[in-house]
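Read the structure below first, then the notes.
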Amino acid sequence: MVNSKPYNLLDYDIDALADLFEANGFQRFRSQQLIKWIHQKLIDDFDQMSNIGKALISWLKINTTISPPPIKHQQISQDGTIKWLLSSAEGHYEMVYIPEKKRGTLCVSSQVGCALACKFCATGKQGFTRNLSCHEIIGQLWLANRVVQSIHGKDRSITNVVFMGMGEPLMNVGPVFKAVGLMLNDFAYGLSKYRVTISTVGVVPVMKKMLHKNGPALAVSLHAPNEQLRSNIIPLNNKFSLKLLLDTCRDYTRTTNREITFEYTMMHDKNDRLEHADELSNILKQIDCKINLIPCNPIEDGIFLPSNKKRLIQFQSRLQKNGYHVTIRKTRGDDINAACGQLAETFLKTKKSLVRIET
Ligand code: SAH
């Protein structure tokens, strides 16, 4: 069926919506009001938008929709983590909500699949299908907030967003940054720029364009302390070398005065020895950063295994001794395969604690 309503309002930021209103004979400032209803109050029923005039409401009803991606499945872990599978005609994608005492983090996808084929990543194994559009990205935050508030009440909402789900966000720049703009905008979600994080494997030309102070936080998936090891596990390193990536990171931190988080997935006997920690310490000198160690989550082929606890702690201590701020990522949602690098339509493979949502 052809959708007779041409505009999905989740594709619009404040300026684009003001342009649309103006082009159709309405006042530009209505855009702010509408964005508040949609993204702050999470309302999708035009009749509830009490401060919007009747003429605009009837135009909106005829010409627009507020359509987030349909939820295909929702799984809730024993630790409160929630994972959703979202539908699209060309394939599915996933998002994960991770509750903590004082914050709630949503891990969002930017693409269906991924073209970059990192060897240890389940999404990478799946290949690339397509980029997500803005409504599919911001729609994840909109939907997750609605579900979380329906479970925990209106006071609970998502405080942090990380682009660490499926896909490479810097290969889908337009929709990703439009959605990020809404996340940071006070009329929409008003999240702190320190609490919205783009994670990239190192798309250098795009990183060079991110040199402004008020953008989202940047995380870089490093995973190896030298060119050879990195090229073995991350094919993109053959295009944008580790040296080029680190030079770009150094420029970024100096120009923006923001720090970078380096993600380092700890893989048993591949990159987790003390000499790797020393090598890593050397290459990160002069970059304002912290390091986040992620115990590798095994995927189906079983080639990359997690480092054992002793190595993880030793590696962390060595980096700390060398002067770095190092955290170890807690794995959450284990029982529902919700961890980093495991997102690849796993709903289709497991029926554990599956909750079906009517769509
Ligand atoms: N493409 C982006 C974001 C998606 S992946 C990026 O690479 O940064 C988010 C994080 O999970 C990345 O640091 C990625 O390297 C890591 N990751 C992928 N597979 C993993 C696995 N099997 N175990 C642990 N972390 C993994």
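FYI, side chains are in, hydrogens and waters are out, and symmetry mates aren't considered; it's all heavy atoms of this structure. As the structure is a computational prediction, the values presented were derived from the model and not from experiment. Both ligands and their constituent atoms are indexed starting at 1 by order of listing.
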Exercise. With heavy atoms under 4.0 Å as the rule, classify the contact between H223 and ligand 1 as side chain, backbone, both or neither.
Key: side chain
Quiz prompt | Modelled atom types, side-chain donor and acceptor of S133 and E136, under 3.5 Å | solution = yes
Practice problem: With heavy atoms only and a cut-off of under 4.0 Å, state how T200 meets ligand 1: side chain, backbone, both or neither. | Solution: backbone
Quiz item: Based purely on interatomic distance, does E263 place a nitrogen or oxygen under 3.5 Å from a nitrogen or oxygen of ligand 1?
Solution: yes
Exercise. Considering the heavy atoms of N297, write down every atom of ligand 1 situated less than 4.0 Å from one of them.
Key: 21 (C), 22 (N), 23 (N), 24 (C)
Quiz item: Taking everything shown except E275 itself, do over 12 heavy atoms lie less than 6.0 Å from its CD?
Solution: yes
Quiz prompt | Residues, nucleotides or ligands: over 12 heavy atoms within 6.0 Å of Q228 CD | solution = no
Quiz item: Out of curiosity, is F163 lining ligand 1, as in a heavy atom under 4.0 Å away?
Solution: yes
Practice problem: Please work out which of M267, Q111, M164 has its closest non-hydrogen atom nearest to atom 5 (S) of ligand 1. | Solution: M164
Exercise. Measure I294 to ligand 1 on non-hydrogen atoms and call it side chain, backbone, both or neither using the 4.0 Å cut-off.
Key: side chain
Quiz item: So is C296 in contact with ligand 1, going by heavy-atom distances below 4.0 Å?
Solution: yes
Quiz item: Closest heavy-atom contact between V326 and Q316?
Solution: O-NE2, 3.1 Å
Quiz item: Between D269 and R311, is the closest basic N to carboxylate O distance under 4.0 Å?
Solution: yes
Practice problem: Would you indicate whether M171, at its atom CE, is surrounded by more than 12 heavy atoms from other residues, nucleotides or ligands within a distance under 6.0 Å? | Solution: no
Quiz item: Does at least one non-hydrogen atom of G165 fall below 4.0 angstrom from an atom of ligand 1?
Solution: yes
Quiz item: For atom 22 (N) of ligand 1, which candidate among F304, F262, F120 provides the closest heavy atom?
Solution: F120
Quiz item: V201 heavy atoms, cut-off 4.0 Å: which ligand 1 atoms fall inside?
Solution: 6 (C), 7 (O), 8 (O)
Quiz prompt | salt_bridge(R318, D278) N-O dist < 4.0 Å | solution = yes
Self-check item: Heavy-atom nearest option to atom 12 (C) of ligand 1, drawn from S221, C114, S109, A122
Solution: S221
Taking distance alone, no hydrogens or angles, what donor-acceptor pairs closer than 3.5 Å link side-chain atoms of residues 233-241 to residues at least two apart or in another chain?
residue : atom : partner : partner atom : Å
N237    : OD1  : R230    : NH1          : 2.9
N237    : OD1  : L242    : N            : 3.1
N237    : ND2  : E227    : O            : 3.4
N237    : ND2  : E227    : OE1          : 3.2
N237    : ND2  : S231    : OG           : 3.0
N238    : OD1  : S231    : OG           : 3.4
N238    : ND2  : P235    : O            : 3.3
S241    : OG   : L244    : N            : 3.1

Quiz item: How about K36: does its NZ atom have over 12 heavy atoms from other parts shown lying under 6.0 Å from it?
Solution: no
Quiz item: For G167, is the nearest heavy atom under 4.0 Å from an atom of ligand 1?
Solution: yes
Exercise. Under 4.0 Å from a heavy atom of C121: give me the atoms of ligand 1 that qualify, with their elements.
Key: 18 (C), 19 (N)
